[in-house]
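Each remark here refers to the structure printed beneath this line.
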Amino acid sequence: MFIVSDYDVIVAGGGLTGTIVAQAVAHYSNQNLKVLSIDRNPAIFPGRKSTGGWTCGDACSKEAVDYMSERIKVQWTKPEIEHDVKGVMAFSPDRKTAIPFDGAGYMLNRQKLPEIQNQRAQNMGVEFDFEINLMGLIYEGEQVTGVKGIDNKTKQPYKKTAKVVVDCTGVTSMLRNQLQNSTKVERKIDRRDLESTGRYIMYFDKGENDLSEFDSDYCIIHLDQDIAPGGYGWVFPKGDDKVNIGLGVEKSLLDKRNKRLGKKDNVESLMKEYLYRNKAIKNAKLSEDPEDTSNNSGIFQVSVRRQNDCLVSGGYMMVGDSAWMPKPIDAGGIGPALIAGTIAGENIVRAIEANDTSEKSLWQYNIDFIREYGYKTAGLELFRRLVQTLTNDQISYGMKHFLGNLDVESISKGEHPDFSGLGKVGMIIRGIMNRTVADGLKYTSTQNKWLVNHYNNYPREPAGFEEWNKKLHKNLEESFVKIESFGS
């Protein structure tokens, strides 16, 4: 039996992920559950990550949006969708090879989107509390039963209770970091699994007609260890003369790059250099559109690893950045958040209707997310780590010679490629460094197959988790060491 609570569901974090969860709960319960969304920001800036705005590439696949829309009956249109794209093109460092992936998608307006999402949620009966600084969870034995913090408007203590608390508070979540009722949920993220990202939203005059620099139909990714060490640069179109341009870096690899080149660059200086180098974009100026003025420049951190090994404890669930869900290979977080938020909403309603929100009752959320998306993320994490060890020449050579059609098809689905091109009879791999690349790709491909199989055998209930997780970490730790040996 439940104790009496203020709400059925509290969604901590009022950004994109949180509002999808709230709407999903409202939809699957026919608006019969009492839902509260809590956000630290004022109502005019819901879900804002920092004073720099909603730092993000703003891109999302049509497939992920359709997944959410078909299940919870929420349609996205303009102005939350700012621009349609046909897909993503990833360019090698020498710009001689381009790989298409991800298929059709959308460029979103991250300032307008949460405003519209929140209004939709309110129309579905969701309540909102803004300017609340959450500092921890409330427990009743082994069960999370609410949240506590400070109301920044009144400076008074804040406390609300619920049958389920959904953590959508972001990559550095204090709620997750201080979780007391689980040994399965990972609390801290490794520094190597974080990247610092920064971007500008700008209008510009057209320069040279170079589709490797700007293409209004495609999101462009540039792999380049000199300009974006450990990450990549992006040029994502928001129109014919409007762009979201930025990059992500991994700090330890940035330090090595600076030492190698004798420089002292940081994310901001690299962003400026990346923009200056782009010959298709001239006279760029930060957007002064009303919907961009609080969001046209910013730097923030994003996770680039598999999702948290366990997403639930008694009365508690994680969705989106709080659960480290952005795709490891490109840090895309909107798509997995839409999928996970939809799945979480359905599982929450099922658990509450069964009068049981224990860890065991919420466990199905782990299984459902892995089946829909999470099965592939550990393999992508290995692939990302391998790419981070390579030089620009090695990346260019590998993209040109080692990717067959099946590999591109795998990448287009967001999955780890199997590198069928490595098996071509008579292929000549020139030089020992490129042989090393080939060996690294074959190794990660083999490990990926094991990881996908292991995730497909995720335990059906909590009792099997410890053994499953021990095997996962043994494999990953061995793989990380092996991948480091392929580095130049």
Please step through salt bridge (charged side-chain N to carboxylate O under 4.0 Å, His left out) for the pair D265 and R257, ending with a clear verdict.
CA-CA 9 Å; D265 283 312; R257 174 263 189 196; 2.6 Å; yes

For [X], does the [atom1] atom have more than 12 heavy-atom neighbours from other residues, nucleotides or ligands under 6.0 Å away?
X: N209; atom1: CG; value: no
X: D217; atom1: CG; value: yes
X: E372; atom1: CD; value: yes
X: K78; atom1: NZ; value: yes

Flag, side chain of [X] to backbone of [Y], donor-acceptor distance under 3.5 Å:
X: W54; Y: P46; result: yes
X: H222; Y: S212; result: yes
X: N278; Y: Y274; result: no
X: N308; Y: L311; result: no
X: N295; Y: G53; result: no
X: Q225; Y: G230; result: yes
X: Q394; Y: T391; result: yes
X: K49; Y: T55; result: yes
X: R187; Y: L179; result: yes
X: S173; Y: S322; result: no

Looking at [atom1] of [X] and [atom2] of [Y], how far apart are the two atoms once the value is rounded to the nearest 0.5 Å?
X: S92; Y: K400; atom1: OG; atom2: NZ; result: 9.5 Å
X: I367; Y: I343; atom1: CD1; atom2: CD1; result: 11.5 Å
X: T342; Y: I72; atom1: OG1; atom2: CD1; result: 4.5 Å
X: K259; Y: K264; atom1: NZ; atom2: NZ; result: 14.0 Å
X: I334; Y: I339; atom1: CD1; atom2: CD1; result: 12.0 Å
X: D193; Y: R306; atom1: CG; atom2: CZ; result: 7.5 Å

State, without any angle test, whether [X] and [Y] hold a side-chain donor-acceptor pair at a distance under 3.5 Å.
X: D330; Y: Y232; value: no
X: Q75; Y: T77; value: no
X: S269; Y: N266; value: yes
X: N392; Y: D224; value: yes

What closest approach, in Å, do [X] and [Y] show between heavy atoms, and which atom pair accounts for it?
X: W76; Y: I81; result: O-CD1, 3.5 Å
X: A280; Y: E213; result: CB-CB, 3.6 Å
X: A344; Y: Y365; result: CB-CE1, 3.7 Å
X: L362; Y: S313; result: CD1-O, 3.6 Å
X: C310; Y: Y458; result: CA-OH, 3.9 Å
X: K242; Y: F204; result: N-CE2, 3.5 Å

Find out whether [X] and [Y] are in side-chain contact, i.e. whether some heavy atom of one side chain is under 4.5 Å from a heavy atom of the other.
X: D241; Y: D205; answer: no
X: L386; Y: V437; answer: no
X: E195; Y: V249; answer: no
X: D321; Y: P326; answer: yes
X: C219; Y: P237; answer: yes
X: N475; Y: H454; answer: no
X: T19; Y: P114; answer: no
X: I281; Y: K206; answer: no

Decide salt bridge (charged side-chain N to carboxylate O under 4.0 Å, His left out) for R260 and D226; before the verdict, give the C-alpha distance in whole Å, the side-chain angles of both, and the deciding distance to 0.1 Å.
CA-CA 10 Å; R260 173 169 55 86; D226 289 341; 3.0 Å; yes

Quick one: do S485 and I483 satisfy side chain to side chain contact (heavy atoms under 4.5 Å, CB included)? Show the steps, please.
CA-CA 5 Å; S485 73; I483 287 170; over 6 Å; no

Stacked cation flag R371 on Y375, 6.0 angstrom / 45 deg
no

Check whether NZ of the Lys or CZ of the Arg K482 lies under 6.0 Å from the centre of the six-membered ring of F480 and within 45 degrees of that ring's axis.
no

Verdict with reasoning, S396 to D393, per side-chain hydrogen bond (donor to acceptor under 3.5 Å, both in side chains)
CA-CA 5 Å; S396 293; D393 287 344; 5.7 Å; no

Report the C-alpha distance between K184 and N469 in whole Å, list the side-chain angles of each, state the deciding distance to 0.1 Å, and finish with yes or no for side chain to side chain contact (heavy atoms under 4.5 Å, CB included).
CA-CA 9 Å; K184 302 177 183 68; N469 201 44; over 6 Å; no

Applying side chain to side chain contact (heavy atoms under 4.5 Å, CB included), run through N296 and M202 and close with a yes or a no.
CA-CA 7 Å; N296 57 20; M202 315 184 89; over 6 Å; no

Parallel, tilted or perpendicular for [X] and [Y], by the 30°/60° rule?
X: W363; Y: F465; result: perpendicular
X: F486; Y: Y443; result: tilted
X: H401; Y: Y397; result: tilted

Step by step, would you call V235 with V243 a side chain to side chain contact (heavy atoms under 4.5 Å, CB included)?
CA-CA 7 Å; V235 185; V243 67; 3.6 Å; yes

side-chain hydrogen bond (donor to acceptor under 3.5 Å, both in side chains) partner of K238, chosen from N244, D58, D289:
D58

For E80, which of Q111, R110, R120, K112 qualifies under side-chain hydrogen bond (donor to acceptor under 3.5 Å, both in side chains)?
R120

Report the C-alpha distance between R305 and E381 in whole Å, list the side-chain angles of each, state the deciding distance to 0.1 Å, and finish with yes or no for salt bridge (charged side-chain N to carboxylate O under 4.0 Å, His left out).
CA-CA 5 Å; R305 53 157 278 175; E381 181 180 353; 5.1 Å; no

Under the criterion salt bridge (charged side-chain N to carboxylate O under 4.0 Å, His left out), I'd like the reasoning laid out for E484 against R192: C-alpha separation, chi angles, the key distance, then a yes or no.
CA-CA 13 Å; E484 284 294 324; R192 273 205 60 176; 2.7 Å; yes

